[in-house]
Structures are given as C-alpha cells and as structure tokens.
Amino acid sequence: GGGGDNPAGGGGGGAAAEQAVAGDSPAAAGAAGAGAAAAEQEVAGDNPAAAGVACQGIMSFVFSSGPCPWLLTKMTKCTCKEPAKQSSANGSTAIPSAALQGIVQPLIQTDFKVTGKVLKAVLQPYLFLEPNQSLLQRLRNSSKVTLYGEPLAALQALPALVASLNEMGHRAVINYLNADEMCARVLEIEHSKHNYEQKKKAREDRTRWNKGEAEARVAAEYESKDALLYVDSVLVTFSHAPLMLPHVFPATASDFAAGKDKLVGLNFGARTFLTANSNILGHTFEFLIGNEDEPAWDKLDKQFLEHSPEFDAPGSIDFSDADKGAAASFEKNFVLGAHYVKDLLHRKATISGTAADKGGGTAAKDLYARAFFAPTPAKLEAVKQEMPPKTARLLGKTPDKNQYPMVSGGSYGINGSSTAESLNKALLFERGLHLAAAFSEAVKSEHGRFNRAKGLAMSCTTPLPPRVAEQQNVVAISASRITGVKFEDTARDVALVPLLGDPSRTAKVILSEVKNINAKACDAGCMVVSGLPCAHVHSAANAKGVSVVGLMDPRSTTAGWQRQFRDVEFRMPSAADISRHSSLINKAIRLPLSLKRPKGRPKKDKRMPGRMDFQSGKNGNKNPPAPPWEGGGQMV
C-alpha cells in the first residue's frame, strides 16, 4: 500500500484510503475530489476527451520522507484494462504548479491512493506528451525542477556555489572540458557505440569505424562552440577533514557509485574516514560526468593528497574494491608508503563466484577470510599452507600487502570499504538529482552529518565513546572468566594470560604496548585485528589493578574523540553568501556527453541454436545439419 515512507501513513490511514477508493469514506474522497476538481478546472477544461476516461483501477503511491514530501518514490500501475485515452489537444509540456499541488497534497492526506480515473483524466495530457518517459518520471522531474531549479540554470550557477564554499574554508574545484577535449570525448563515445553494435553482428557483416569521417563531422559540429565549457567533474574537500585526519586512525575507505540518471552518466566518488565513535565523515567528494575509471580515481586521489599529504606514509591504509582503475591510480599517486587493501566483502564475492577449477569457490572464500583476519605472520602462513595450489595461485596474483591487513601492521578494526558504501547509500536521494543539485545537496547532507557527530562527541561524559564502550563491555565479560594471570617482571608490565579456549596455553601481554596497537601488546594478535584491547589485555590490567582506558590509544577514548572535533567546524554558505558571487554565473557552461559503460557481452541479434532446433522436422528443416558439438566442428 502507499504511505510506506510517510510517518503519518500506514495503519488506519490505509484503511481510510481503501474506503476512499471504494467510495465509503466521504472525508477522504472529498479531499481527493477537491484536489481533482481544482486541477480538472484548470487542466481538463479544454480536454473533455481526457476527462472522460473510464477507469475502475486503483493507483498506489509512496512519497519521499526526504526534503520534498510530495516527491513520488514509488507508484504501482493502474489495474484498469481499458487503454488510457491520450490527447495532445493541449500543447503544454509541464504540469501547472497549482494543478500539481492540488492533486498531490490531497493524496498525502489520504494515504496516497486515488482512482485511476481522477489521475489519468487530470494528469495524463500533461505527463505523457513525451512517449519515452513514464508518468512517474514526469512527476519526479517536475518536482525536482520546482525544488532545485532547471538543471542547466543550476549548472551555470555552480561556480558561484563553489566560490562561496571556498570562502567558507572548504576546497572545491570544477574541472572543465574545452571544445577540443569535448570533441575527443564525443569521438570516443561514438567509437564505443560503433564497436558495441558491430559485436552484435555476424563477423562477415561487421564494418570498420570510419575515423576520418567521424572526426570531420564532430569537428564541424563543435566548430562554433569554442566558447562553451563542459563540466567534467566537481570536487570538494571539506574544511574539517584535513584537520581531523591526523587525530584519527590512518585508515580511509573509498568508493564510486553511479547516479540514477543513466542518460546523464553521473558518478559519485568519495574518500571517507571514521571518528573514534566510528561515525562516518567524508574527506573528499567527487561528482563526475562519465565512467568510473583510472582518470576518475586520479582526480579523487590528487585532490585528497593535495590537502592531506601526510596520509601518504607507512602504516596508512585505504580500503576499496581496487577495481576500474582504483588500484592503478593509487599506486601512481601514493608513493611514500601508504597502500590500498582490497575490501573483504567484494573480494569474498569475487572468489566465491570464481570456478572451483580455477581456484575459487566457497572453500577458497573461507580460506581467504581466515587469511584476511590472521593476527600474526605465523598464522597467516599457516592458512596459506592449507590452500590448494589453484587457490594459492589465484590469491597470489594480488600482493599480500594489498589483501591481508596484518602484513602492514593491522587495520585498526576496519575491514573494508563498507564505510564509503554506507555513505553512498545515505546519499541515494542526492545521487538521483541533476549534477548541480546533487553536489549542493550532498554538501548539505555532509554538513548535517558532521554537526550530529560533533554534538555526540562534545556531549559525551563517559571515558569511552558509546560504540567503543559497547564493544569493550562485551570483551570485559569474557575477561572476567580468565584466571591465573602471572607477571614476568617486577613492574608487572609483562603478563602471561591463559587462553579461554585452552588454559594450558598463554598469551603474552605487554601493557605498555597496548597504546601502540601492535602484536607486542598481545602476541595472540587480537589487537592487530580489532584495534582495541582484547580479553587478554583486560585480564592483565585487572590483575595489575589499572584501568584499561588509561592504557588505550587516545584516538579510541572520549578525550581523543573530543580532540578530533576541537577547533574544527563546518561552515555552510547562505543564499546571501552565494548571491555575492553571482557574477561568476556562466551561460557558456554545459553538460558533456557521456556513455554509460555497457555491462556484459553484447546481445546477439539472434540466439544461438540449441539442441531442440536440430531435431528433424523442426521449423521446416527436414534434413538438419548435425549440431556442432556432435559433428566435431567448432562453436562459432
């Protein structure tokens, strides 16, 4: 039913709406009818054919709970069997705002259900003038224009927004393509389209791409457009991020995600980091018109390093899927010691999906996961010795430092790019907007996220941040079951702690090393994986009579958490701030062409014949040839 995203919807509202549809709820029917009547008076008065559409079906709507509560996010099709009567008598190409408001607002009040007759009679003449766009898409477009302005006008005003962000202390930049670069992009897109189409054809029917003819045609097309600027990408590094990064663990996560509008080809890239309480904050955002590839990652990496060069040092890790140019760009830009590690979840899925005869499969995936979490070199080597030769060869294609965090000293409790992907999900609505609005709304979203995280930190009164405290409380319960701790020195710094699973064996704990989060702190390697004190450390600290909090790395404590936010702020430009830079609005700015990279192998024009097609008498073929797999021929 409708109302899934509406706090006021559901429950009794759904019942009232069903009664409204059936004509049993005068109040709800009156609300919908009032909007319909007002809209019909404005819209359908000149189009009696559309107003007379007969339909007994029900349309169900779900509206956004985001910044625009009347933006449709889901609509089920009408169950009416009678085709909608379309009319182009009225030449309007947009829904009148009064009519749209008159229809949508009553829908919200009645749990978003109206009869198909009302909807089609009022909206269809305005929404279906473009045959390739659905009713839902036209409603969305009209709503977005109302809220965020026309895409081209907003794009041309983007320099003013960027200048105002820089004035607030952020570092934003727009990258443009000139006419020559745009011609090169168009030629690349046309060449890709040509090759993709030719691969669908039989080999003898394929034609070569005429590069000379294409270059002449494209050059003529853009000859008069030398003054135009085409937006390639827009990036921003937030003012707080370079100041906070030295005070958090040197582990970031990066990822790209596609926008919803495939025709525009918007891509969103981000590099994120975690606070002491594991709150996700963005360091650098990139909005790109084009595909995720090495040049796209190159822009993100260079922008990041320009403002946080100290990150490129031994011990720093960036988690990503290392795909589509990510690894190549990282290796090219980070040359002083930082390295990337492949994300655990993506890697497991890849290995699991690889054929067993090539070293993959479920067993290989499990072995890889054990190796990923191996806390010591000895344990990593033991897992590698268990791997079958084919699995060892498959995993051996990636250097150990790029797939096993322990090799570089640990991962500080992070195991993948899921933090960046969580941000992608949080910005799902923003990624559905046009470029200028997507950039603006993503910055606003990050502003809110920063302020919430800072508020939590500054109001915390416990020794540990809430999420760290929750994890440490669980560890402390396990530590309470350990007895028989023995110290090897008079300073009671080095302790032998019996293992929970096998008390006859012990873990060596050095309390003075706990703050360094290394294998010396606990030679069982627990802290290398988690980044936080383990049960063995807790037991040794309890036996000595000291607080674990005092032994921890300050970056995991409340004091360190508040230090991360001290003296940093996120300033957002107001409308007045942006308007001061209105002279930067450039009417020559345009969106470039973009081609979304096709997925998979091109579909053939005709399917390959199966065994049934070769049976005698099928499809008029009385003397069929033998199938290739039976006649000794090659599969073509």
Side-chain angles (χ1 to χ4, degrees), residues 151-152 154-156 158-159 162 172-201 206-236 256-259 261-269 284-306 323-333 431 434-436 438-439 584 586-602:
L152 181 58
L155 184 73
Q156 293 170 345
L158 194 57
V162 166
V173 62
I174 305 175
N175 296 314
Y176 295 103
L177 300 173
N178 58 33
D180 291 338
E181 292 170 324
M182 186 61 193
C183 286
R185 174 175 285 204
V186 172
L187 287 171
E188 181 184 0
I189 290 173
E190 290 198 2
H191 195 182
S192 297
K193 287 182 177 179
H194 173 85
N195 289 346
Y196 191 76
E197 292 300 322
Q198 295 305 310
K199 288 178 181 178
K200 296 180 181 181
K201 301 177 182 179
R206 297 177 184 176
T207 58
R208 288 185 175 275
W209 188 57
N210 191 334
K211 183 179 179 182
E213 182 275 332
E215 286 180 341
R217 174 170 44 78
V218 172
E221 181 180 352
Y222 286 89
E223 184 177 4
S224 61
K225 301 180 180 179
D226 292 337
L228 295 182
L229 293 172
Y230 300 90
V231 176
D232 173 69
S233 57
V234 54
L235 297 95
V236 59
F256 268 82
D261 192 340
K262 295 182 180 179
L263 296 178
V264 173
L266 178 68
N267 255 300
F268 168 68
T284 299
F285 286 179
E286 175 183 1
F287 283 88
L288 168 79
I289 301 298
N291 289 311
E292 176 190 354
D293 51 20
E294 186 175 340
W297 278 99
D298 198 48
K299 295 183 186 74
L300 183 68
D301 290 340
K302 287 180 176 178
Q303 174 86 0
F304 174 84
L305 284 173
E306 181 180 351
D323 194 17
K324 299 176 184 175
S329 174
F330 197 96
E331 294 284 4
K332 180 174 67 175
N333 290 288
R431 291 192 284 116
H434 57 76
L435 173 63
F439 176 74
L584 298 176
N586 191 343
K587 299 295 183 181
I589 293 177
R590 298 288 187 276
L591 274 181
L593 293 181
S594 178
L595 176 65
K596 194 67 181 170
R597 184 186 291 110
K599 291 185 178 180
R601 176 181 177 181

For [X], which residues count as a salt bridge (Lys or Arg N to Asp or Glu O under 4.0 Å) partner, sequence neighbours excluded?
X	answer
Lys302	Asp298
Glu331	none
Glu181	none

Task: Over 12 non-hydrogen atoms of neighbours within 6.0 angstrom of NZ in Lys332 - done: yes
Can you find a heavy atom in the side chain of [X] that is under 4.5 Å from one in the side chain of [Y]?
X	Y	result
Phe256	Glu286	yes
Val231	Phe287	no
Leu229	Asn586	yes
Val186	Met182	yes
Val234	Val173	no
Asp232	Lys299	yes
Ile589	Pro159	yes
Arg590	Leu152	yes

Could you tell me the separation between the [atom1] atom of [X] and the [atom2] atom of [Y], rounded to the nearest 0.5 Å?
X	Y	atom1	atom2	result
Asp293	Asn267	CG	CG	9.0 Å
Cys183	Tyr230	SG	OH	8.0 Å
Glu190	Asn195	CD	CG	12.0 Å
His194	Arg206	NE2	CZ	10.0 Å
Glu213	Glu215	CD	CD	10.0 Å
Leu288	Leu435	CG	CG	9.0 Å

Task: Residue pair Asn333, Trp297: steps toward the side chain to side chain contact (heavy atoms under 4.5 Å, CB included) verdict - done: CA-CA 10 Å; Asn333 290 288; Trp297 278 99; over 6 Å; no
Open item on the list: Give me the atom names and distance for the closest heavy-atom approach of Asp301 to Ser329.
Closed with: OD2-OG, 2.6 Å
Task: Test item: Arg431 side-chain N/O and Ala258 main-chain N/O as donor-acceptor pair under 3.5 Å - done: yes
- [ ] Kindly say whether Thr207 contributes a backbone atom to a donor-acceptor pair with the side chain of Gln198 at under 3.5 angstrom?
- [x] yes
Task: Derivation and outcome, side chain to side chain contact (heavy atoms under 4.5 Å, CB included), residues Ile289 and Leu266 - done: CA-CA 5 Å; Ile289 301 298; Leu266 178 68; 4.1 Å; yes
Task: Arg185/Glu188 ion pair, N-O < 4.0 Å - done: no
